[in-house]
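These notes concern the structure reproduced below.
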There are 4 protein chains.
Amino acid sequence: MFHETVTAQGHLIDTQTLDRVFDLIADRGATHEVLQFDIGKRGEDESFVRMKVTAPDRETLDHVIDGIIPYGCEVESARDARWAEAPKDGCVPEDFYSTTNHQTQVRIDGRWVNVGKQRMDAVIVLEEGDPICRKLRDVRQGEQVVCGAGGVRVTFDQPGRKKQTFAFMNNDISSERRVETSLQRVIKIMEEVRKKGERIVVVAGPVVIHTGGIEPFSRLVEAGWIDVLLSGNAIAVHDIENCFFGTSLGVSLEKGVPVEEGHKNHMRAINRINHAGSIAEAVHQGVLTSGLMYSLVKNDVKFVLAGSIRDDGPLPDTVMDLVEAQEQYANELEGAGLVLMLSTMLHSIGVGNMLPSWVHVVCVDINPAVVTKLSDRGSSQTVGIVTDVGLFLQRLADELC
Amino acid sequence: MFHETVTAQGHLIDTQTLDRVFDLIADRGATHEVLQFDIGKRGEDESFVRMKVTAPDRETLDHVIDGIIPYGCEVESARDARWAEAPKDGCVPEDFYSTTNHQTQVRIDGRWVNVGKQRMDAVIVLEEGDPICRKLRDVRQGEQVVCGAGGVRVTFDQPGRKKQTFAFMNNDISSERRVETSLQRVIKIMEEVRKKGERIVVVAGPVVIHTGGIEPFSRLVEAGWIDVLLSGNAIAVHDIENCFFGTSLGVSLEKGVPVEEGHKNHMRAINRINHAGSIAEAVHQGVLTSGLMYSLVKNDVKFVLAGSIRDDGPLPDTVMDLVEAQEQYANELEGAGLVLMLSTMLHSIGVGNMLPSWVHVVCVDINPAVVTKLSDRGSSQTVGIVTDVGLFLQRLADELC
Amino acid sequence: MFHETVTAQGHLIDTQTLDRVFDLIADRGATHEVLQFDIGKRGEDESFVRMKVTAPDRETLDHVIDGIIPYGCEVESARDARWAEAPKDGCVPEDFYSTTNHQTQVRIDGRWVNVGKQRMDAVIVLEEGDPICRKLRDVRQGEQVVCGAGGVRVTFDQPGRKKQTFAFMNNDISSERRVETSLQRVIKIMEEVRKKGERIVVVAGPVVIHTGGIEPFSRLVEAGWIDVLLSGNAIAVHDIENCFFGTSLGVSLEKGVPVEEGHKNHMRAINRINHAGSIAEAVHQGVLTSGLMYSLVKNDVKFVLAGSIRDDGPLPDTVMDLVEAQEQYANELEGAGLVLMLSTMLHSIGVGNMLPSWVHVVCVDINPAVVTKLSDRGSSQTVGIVTDVGLFLQRLADELC
Amino acid sequence: MFHETVTAQGHLIDTQTLDRVFDLIADRGATHEVLQFDIGKRGEDESFVRMKVTAPDRETLDHVIDGIIPYGCEVESARDARWAEAPKDGCVPEDFYSTTNHQTQVRIDGRWVNVGKQRMDAVIVLEEGDPICRKLRDVRQGEQVVCGAGGVRVTFDQPGRKKQTFAFMNNDISSERRVETSLQRVIKIMEEVRKKGERIVVVAGPVVIHTGGIEPFSRLVEAGWIDVLLSGNAIAVHDIENCFFGTSLGVSLEKGVPVEEGHKNHMRAINRINHAGSIAEAVHQGVLTSGLMYSLVKNDVKFVLAGSIRDDGPLPDTVMDLVEAQEQYANELEGAGLVLMLSTMLHSIGVGNMLPSWVHVVCVDINPAVVTKLSDRGSSQTVGIVTDVGLFLQRLADELC
């Protein structure tokens, strides 16, 4: 039998960390014996556990240790992280360490060093001597990559945060809730994020336009609450179509009814922007004179429109090379304190993949399944709100502007 | 071959009546030959068709005629309605005429007479000499019942109405719409209905309470906009629970979070009302001092709470005998000009079954499937709105009060 | 400051019991100090905690103790349960103990006695000297009722069960799963339940008929797998309509298309059964000759059809007095080892309210929201499956028959 | 007043064409007067209408004529199509004719010529003398583009098709249907398409993998039923992850439960394919030895994986340049007789945009909203099926292989 002594410290009970660690040990075919357990005497105290993990063979033991490291466990016989060379571009050794979105440290020369650019599903490489997360596709041949979980440790979110988000855990995402309560919470987060000088990023889908969000969203932009819009081709097309023709995907926003032949308006709108050369040019030339995109341009708020297979047109501003689009998204997310996801599963999942776990995320969608799916993937800071996104933006702008 | 000459007059094209009639004739194994067709020259003109329907046997022909009568067709060789005797209570002959919710007439002694108490899935009997709709279970042995479709004709909704509701037909029910537009339409209907002195009936589920609707709904009650509430046990329990304990099904309406052990509050609330004897008594004794049920009692607005198999308690006001509950619902629906269905499929379907097709129906639900289902069953006057019902009531009360 | 010493023993970590108890103490304004904590050394060992709970006043302390008792905590200074008299029929003192669906014991003369007829939202009374759960409405004036949480303790589900149902917890209910895996699990549960001689109860909605479930469901009935069907009027009407006319709510089951005028068939079907007197009579008279209801009658499998406000007709077998219907449901649930809930939220919630937590529940619905909702209310034994219920029944019958 | 005489011939009643034309004329502020109407005497006969359309000004009249042309109307004073020059790349005159997905003809030198490469939202240009549809972005400066609706006419789908798909129109998309019926219909379409030598294209999302579709889908591939798979990165990653590690997005397909740390498996899978160079290379090198992608490679069935903003990795086969991906999709859709859309809204909408209206489309999804949305956009040949896609594929393969 092979064994290893492991310790963990923190809010082990109320974050259910200990429960999960025990589960994982058993699931992977090992057993544990608790050698020491100091439970926090009071609610605010941390607990400490020291235990012996035993497995029938070395491989199983390593597998278990690999598994529990991400939960904040440390092997007493700690060793430095092990590095191995990338055999060719975009390829790493089979046992590479794949990151989570939680703050990670690697042990280098006996010291624990924070890993930069934290994101999930990345590998850890050295950049100018500092460990950072890098997407697999960006790894270059010959780079040193962390392999195995030895010498890696993960810090979970700070204690005390649990309570704050308690109400929004999985089984509490429901259309049967009073929106006003969630709205106040979102406002408080926005104010705190602003105070800390962090960025507020909006990820939004075209439903924002269809449900009447142009006006309140523009007000938020004008009042300086939004730092960047990450979205796709559709939101811009429908917003611009509405400016030019009063319809959005052929539906009159005023009357709420489809205008016959109105489905052609979005192609007409794209054609006009093509003439101008870009959305910003259309604003500068006096062609585009109102709407959300207009407000963004006028207020120097950046937007990134990522392409998708279903795009018509697209607008000249839409980035159809997705490697480039992902880079632009990732750049805009640096320094983000809050990401507001409004009615778009596609772009929200894309953004979620790029975010470290400590960034606040607020998902608003009328479909509870979307909110649940995004919250499951999101950070522990996620606030999920099931409501009409147009009415939600109206209320948000009324409160903040 | 057997044949019959049939005529129809009205907006045959723009209500798709003619299309459906042709379909039905073919589906049932007969053929038609158009003898005369005068199309309305202009949009507002009616069309007229005269055609020969041919079938291989008498039975098929009768089956076809039975089928097209409800679409407004008349057999030229018109005859009086045929009456037959109910053989015992709740039983009628096999070929009884089963009503739709459209205005129906029967031919008696050569005269076309309107059928009273129009509703779907009923039989037609004589009450003090006048033909009326009666539920099958209320038919008594020996009563005369209309059999076959001969001597029956159906008047569709008035022309011109189609346009008004065009936007809300099946494929247009969507969460991707601006609520403000629908809201203004509902307000206009409410004002028209009031002007005509017709009743406004609300059918509501407990989601109204959970999403923050108590306050705006109470305002509408106080301002005299609501004539009766048709609902079940749950809405009342959750409203009263909120008055007593600040929770609704154990969830704090203020904080939006489940209160530990709060799930017991609804039984505590029921117990208190049991002590008082009824909701109204609890108001009069000063036990129940706020909320929706309080407002209803204080403003003498009637409510009917129909029981269901899932009811805990129930409150003493809940009618657990459903025959009685259906009677009470039906009575309250007499004279209704508008039924507002808020987040309850169960009670809304119940009410829909009782309504003639010319009553306005507005369905509001956050789930598009519910709105579609109710609209499919509803009258042609149905307005379907997919949104957050709490926010919707807030906006409605802000506009009307 | 007031305090009380409390102990708890069991799988406190891996059932998250300890976490919840700590939360509740803090939420209700008290603090805790751990005096002793013996963690289970190995996975299968129980843990033990002894702690001092301190609150600023007696009332808060009592509120906290009330709250943590249902989690299995015991007050060291244990006392007998306190009984008080019901002041009138259906009314109990304000501080009555409201039950959960977990196995409960009350302390009588220093001994812990199991409470019979366990169900949620009930009160505890004495029946022939034994404590049992009773619905509030059935309490009679003068009966002794347990008040406060002193002298009450709750046993959670046995350890080891967690693993079995792990896969079906909230955030794992998804349409994105392979049904075959869940199917095998359900079959295993059915075989175990049968081996133990417990009853298998099916709660089913009319979707079972529409999606082609008549044939496989009938096969399960004939093979003796089903002990009782709890449902409403609709499933029987649509099944019988299909036997008589080949349609279900007017839709041809063979062709999948609405038959024009077919919506009248359900009234015709009800009329025929009214003539016969009951479903069983219609079978005996040779009127009803196939289908699900036919199979139930032929195989002496009982069914209870509870009425609802939306029922047309209803059939003579439908119980429109809901107090009576709830009694019949509850009687049929005695001795149940498994409840199979098929596409009916209404009846499933009704049944869920009546069940103790240790009965296996399997929910099958195509709508993930329904499965989530039922699973949240259900016992910890709930298996939730999101799939097409017709295909599921087909596969189940193919495997079992 | 300005007027124009317009004629239309065909199944004007039973396709509701006439109704829509009348609506459109009124909506756009004009009036009509019917000069001649010959109704088809029998069901199979075509109707003919000749009418005078009158408008207050030339612009309104042109707007009306533009609108009714796509419904098959022809202006009696027919003229050749008008061509104008594209002022620069990707830009066309404001009044360009934007295509629908119905068969379109343009009048050139007095002759009506079919437009090639029919798709929606395109412009019409001349390619080697023949009119074809071209995407706006592919128009080059100086090309001649059809402007206005004069000299353009649209042929609707052939008569008789309506009946076939009647059951699957909007309000009939429902989870409450028997799948077996739809299944037989799909099989019949597949056999017909094969007999005609047309291609069968599958558009599929990763849910196909999660719900157990690998095995039946592979059987269909091996039996030669599938010509190409159009999808994204995820389906391939999850299929390959399952081959390598037995999980799909970290969930064991065998046991249906999340494997701890299994979420890392998809990155491990991508890394292995990166090592091999491509999916096909991984098969040839004996690295990838089972699954759907394996079957496609082994059977020389092509696949196109279009990138998306949410892609991790991606696999080397994934086309991250969406202009290129759309081209590849469009090429594979040439000659398609049937497109089977399985659980992916994103790629299905993309494909739908590229299809002419006469290609059969079958959409299968467990979510009725997705099926409705796709059917609304799709051709009139769309069959929508709401069911479990894994079980559906199982049944399909059982029947066909």
Side-chain angles (χ1 to χ4, degrees), chain C residues 163-169 171-172 174-185 205-216 234 238 242 248-249 251-260 343 364-370 383-395 398, chain D residues 163-169 171-172 174-185 205-216 234 238 242 248-249 251-260 343 364-370 383-395 398:
Chain C
K163 305 300 174 199
Q164 180 187 347
T165 56
F166 174 70
F168 303 103
M169 301 309 276
N171 60 349
D172 199 57
S174 164
S175 59
E176 305 184 1
R177 288 285 178 276
R178 200 164 156 258
V179 171
E180 209 54 36
T181 312
S182 314
L183 180 74
Q184 295 307 326
R185 200 170 305 227
V207 172
V208 165
I209 307 299
H210 304 152
T211 57
I214 293 177
E215 184 272 333
H238 298 170
N242 182 58
S248 172
L249 209 63
V251 174
S252 160
L253 280 184
E254 261 328 290
K255 303 192 203 141
V257 299
V259 173
E260 286 279 353
S343 288
V364 188
D365 202 291
I366 203 164
N367 184 344
V370 170
V383 175
I385 302 173
V386 180
T387 193
D388 185 308
V389 74
L391 292 180
F392 179 84
L393 278 170
Q394 195 75 49
R395 290 289 301 118
D398 288 354
Chain D
K163 305 301 173 198
Q164 181 187 343
T165 56
F166 173 70
F168 304 104
M169 300 310 276
N171 59 351
D172 198 56
S174 163
S175 59
E176 305 184 0
R177 286 288 176 275
R178 199 165 156 257
V179 170
E180 209 55 35
T181 312
S182 314
L183 179 74
Q184 295 308 325
R185 201 170 304 224
V207 172
V208 166
I209 308 298
H210 304 153
T211 57
I214 293 177
E215 185 272 332
H238 297 172
N242 182 57
S248 171
L249 210 63
V251 174
S252 161
L253 280 184
E254 262 327 291
K255 302 190 204 142
V257 298
V259 173
E260 286 279 353
S343 288
V364 189
D365 202 292
I366 203 164
N367 183 346
V370 170
V383 176
I385 303 172
V386 179
T387 193
D388 184 308
V389 74
L391 291 180
F392 179 83
L393 277 171
Q394 195 74 49
R395 289 290 301 117
D398 287 354

### Message
I'd like to check C:I366 versus D:V386 (side-chain heavy atoms, cut-off strictly below 4.5 Å). Are they in contact?
### Response
yes
### Inter-residue atom distance C:L391.CG - D:T387.OG1, 0.5 Å rounding
4.5 Å
#### Entry: D:P216: side chain to side chain contact (heavy atoms under 4.5 Å, CB included) partners, not counting sequence neighbours
D:R219, D:L393, D:Q394, D:A397
### Query
Considering only heavy atoms from C-beta outward, does the side chain of D:T211 approach that of C:V179 to under 4.5 Å?
no
